[in-house]
A.B. asks: 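What follows is a single structure, and I will ask about it in a moment.
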Amino acid sequence: MRIAETSSQFTDNENAYEIEKAIDKIVAADPINIYKKLKITVPDEDTLGQTA
């Protein structure tokens, strides 16, 4: 069963959105509460050069 509908034809944002929806489905369907969603913000390469 495929949970995330990703494609090389989608933009990076569209693929990230589909993956996030899949994670939400997995966490919501977890009957014994072993999965937890963690969200980390990682700076991209453009913002790394601006902070240094």
Side-chain angles (χ1 to χ4, degrees):
M1 177 167 92
R2 187 175 188 122
I3 296 175
E5 298 295 328
T6 60
S7 171
S8 61
Q9 295 177 344
F10 289 166
T11 65
D12 288 343
N13 286 340
E14 289 171 326
N15 278 325
Y17 177 73
E18 288 297 324
I19 291 169
E20 183 139 357
K21 280 189 353 185
I23 292 169
D24 290 341
K25 287 179 187 179
I26 292 168
V27 171
D30 179 21
I32 56 175
N33 204 24
I34 59 173
Y35 297 110
K36 183 181 281 190
K37 182 178 177 180
L38 302 177
K39 195 166 189 176
I40 310 169
T41 303
V42 179
D44 60 4
E45 294 175 8
D46 295 334
T47 57
L48 287 177
Q50 294 173 358
T51 59

A.B. asks: Let me have the donor-acceptor pairs involving side chains of residues 36-43, under 3.5 Å, with sequence neighbours excluded, atom names and distances please.
C.D. replies:
| unit_1 | atom_1 | unit_2 | atom_2 | d |
| --- | --- | --- | --- | --- |
| K37 | NZ | E20 | OE2 | 2.9 |
| K37 | NZ | D24 | OD1 | 2.6 |
| K39 | NZ | E20 | OE2 | 3.4 |

A.B. asks: Output yes when a side-chain donor or acceptor of N15 lies under 3.5 Å from a complementary backbone atom of S7, and no otherwise.
C.D. replies: yes
A.B. asks: Please report the shortest heavy-atom distance between T6 and R2, naming the atom on each side.
C.D. replies: OG1-NH2, 3.4 Å
A.B. asks: Can you confirm whether more than 12 heavy atoms, excluding those of F10, are under 6.0 Å from its CZ atom?
C.D. replies: yes
A.B. asks: On a heavy-atom basis, which atom in I3 and which in A22 lie closest, and how many Å separate them?
C.D. replies: CG2-CB, 3.2 Å
A.B. asks: For a quick test of reading the model, state the closest non-hydrogen atom pair linking I26 to Y35 and the distance between them.
C.D. replies: CG2-CD1, 4.1 Å
